[in-house]
S.K.: 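A single structure is presented below for examination.
Each ligand, and each atom within it, is numbered from 1 in the order the structure gives.
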Amino acid sequence: MNNSLHHEGKEWILREEGWSEDLQNVRESQFALGNGYMAMRGILEEVPVGAQPGTYLSGIYDGMGSLVEELVNLPNPVNIRLVVEGEKLGVETMDVVEHSRVLNLKKAILSRRTVFRDRKGRHYDYRSLRFISMARENVGAFQVLLTPLDEGCIIDINTGIDTSVHNRETITEGKKVHFRIKDIAATRAINYLAVDTLEKRHTIIYWCGVYFLINGRKRTHKESFFSTRLEKGRPLVITKIFTLKHFPYMDDPSRAREETLKDFRKVFRTGFDYLLSEHIASWGTLWKEADILIDGDEETQRRLRFTLYHLLICAPRDRGFSSIGARTLTGEGYNGHVFWDTEIFLLPFYAFTLPPVAEGLLRYRYNRLGEARRLAREAGYRGAKFPWESAGKGTEETPHWARDLDRRIIDIHTHKREEHITCDIAYGVHRYYTITGDERFMEECGYELLVETARFWASRVVKTERGYEILKVMGPDEFHEEVNNNFFTNAMVRHNLILAWGAISRLKEKAPPFLEDLRKRLNLREGEEEEWKEIASSIVENRRKDGVIEQFDGYFDLRDVRIKGVDEKGMPLMPEGLKASDLPKTQLIKQPDCLMALYLLGDAFSRDEKAANYRYYFPRTMHRSSLSPSIHSLLANEMGDHKEAWRLFQMALNIDLDDIYGNTENGIHAANLGGVWQAVVMGFCGVRIREERLHIEPALPERWRKIRLVLKWRGHRLGLTVSRREVVIEKGPEEEGLEVWVFGKRRIIGSAGRHRFVNPRTQQDRRVR
Ligand code: BGC
């Protein structure tokens, strides 16, 4: 096993020292591996008691036997049972003398070393290494190396594909298995398994090959279990290579079986070492696009790499077959469902870094437009209404109720009220278009999405003497479940309507034949877009008090309670005497709501407005959602509140590394990954889009000397180096000139190469000194 893997720089390493049963499930989420097509939780290979193995394929959901569709926990190829004379080698069955694991974030390799001691006091050195190939989406591999240190022994080996896995147990549903075995076979060294999801929407084919090195001789075995004798000091090496591929459900998988076997044979012949080296090379290429280098802060660098790593392992490249769930592919929290987290929190990272991934995320919505239209129709509206929680089919998958820990039934209202998802998607479409300039996507999907979402809102608003109102909604702040004229929703709807109107107006000028075709396809009346504009201009304005925007009608009349202190993790404490059930009667909020709109629609608000609202809402925000700290950090930075910006950034950065919400075991918080990226890039580096133009105005934390990163902007690949003193932009050889606003000044960059812009403020400072 390659020792050089352990010698990566500290800022690339996530380490576990010692075995802790309590932390087992948290570590499984943190140490997960994946490539956007498949992912696996970082379980120990012996699958200790309490382990939660999770093998997931992006977009593979099933709803049979559960309240809603959920990400299917598939058979686990990473399991290995080694037994010495009746004693299992495992952290809970033998004595653990030493134990450490390392996730090498640069190479996406998980390695382990454990020294076990058996009942008789004999020691065993156990090492393992595994990866899911970034070079071939269907391939994963691992190697285990076991050396008896004190004397030879007889060992029983059992390593198949473990089908005894199940989805997370819940109070009302119990354990759930979402697949059935369709076909299984073993030839010499190779195992085959085909499973169907229970609703018969998918067939998944596994191939798995194993070979052994025993006392220096290479061997294969027909069976996946056998006994052998090991000599003292001579390692047993088990190498396992597997492929997984999903297909639309097939009654008869024989053709797919043949094809996948051919592919598997090639992979198996390629061999472990080569697969590993091409995997490392692919990660090298990926890091060139996605890495952010912080000069001057090694620990934050390491933690940021953890964030970037997780953003990269969950990125699907399947053109909209799947999207990214609220807990990525690292756990079953929120059943793997897709929320606004994707378009609002995650999309900017992908659009600026890996545009085809961002495009796929939006195509995921487009591919489910039929369902969204049905949802709108069923609710009595026009256009398309996207589900609050979406999974495979695109139907509304929010559970309508749940039983809490006291076994009480609680109703869930988010699917009925959190309608802002629909304008969030329109916002995402426009953001993607602004960043990439991808006209083809707009023609194939984007314009239709804008039109259908605008149509929905045009039928959803209610005309009263106040103007157009949006009644009975829930904003991002879920403490207040049913409100009228939520500012965030109203503002984003207005934006949605204007975007759609603007798009049609532009097409009138630019592409009349395309517009004509679009009108026909969507039955879009001549002049319909003018109605959107009219509605947008008269959506009711929320009340304001000293520049503070009222979050919804009547919010200012609620009990004004403020946060007094935070706990050791930085989390606001519930004010004394208040119970969770009192929250709706107070002005305390779960996460940014008004402030979220002020951030997303930054152009429309002055600095003073932002400052007034920031001052008001900040002491009333409980950060009970992981979506909260990153956005607050960003706004704090913009407001010049650098201390808070740093504190909240660190909190966001550590949400899953320190398990701040106590539920990392259910998977990594996807939105927060994107939020952290935005806090660094939009916050500290000051990369903003204003009036569809790229602005760069850094406000770096004191302890950082500079930041380097790559951004894609309308076909350009820009290398940015940002410090307090200057911004350096390295432009590639693309033919077109680049317009960019640096430190508030318009610049046109024509030629390839490095272009340096000095911060006029620091120049002045030096002159004064
Ligand atoms: C938040 C939502 C979020 C969801 C999934 C909830 O707790 O309030 O804004 O979309 O989690 O991450």
S.K.: For the atom pair CZ (Phe556) and CD1 (Ile549), what is the distance rounded to the nearest 0.5 Å?
M.R.: 8.5 Å
S.K.: Looking at Glu69, is its backbone amide N or carbonyl O close enough to the side chain of His337 to form a donor-acceptor pair, meaning the two atoms are under 3.5 Å apart?
M.R.: yes
S.K.: Are Asp658 and Arg303 within salt-bridge range, i.e. N to O under 4.0 Å?
M.R.: yes
S.K.: Can you tell me how far apart CG (Leu600) and CD1 (Ile689) are? Round to the nearest 0.5 Å.
M.R.: 11.0 Å
S.K.: Can you pull the residues with any heavy atom under 4.0 Å from ligand 1?
M.R.: Ala326, Tyr334, Phe339, Trp340, Asp341, Trp388, Glu478, Lys590, Gln591, Ser625, Leu627
S.K.: By the definition side chain to side chain donor-acceptor pair (under 3.5 Å), identify the one residue from Gln678, Glu638, Lys610, Arg688 that meets it with Tyr599.
M.R.: Gln678
S.K.: Extract all donor-acceptor atom pairs below 3.5 Å that involve side chains of residues 626-633 and protein atoms in other chains or at least two apart in sequence.
M.R.:
from, atom 1, to, atom 2, distance (Å)
Ser628, OG, His623, ND1, 2.7
Ser633, OG, Ala645, O, 2.9

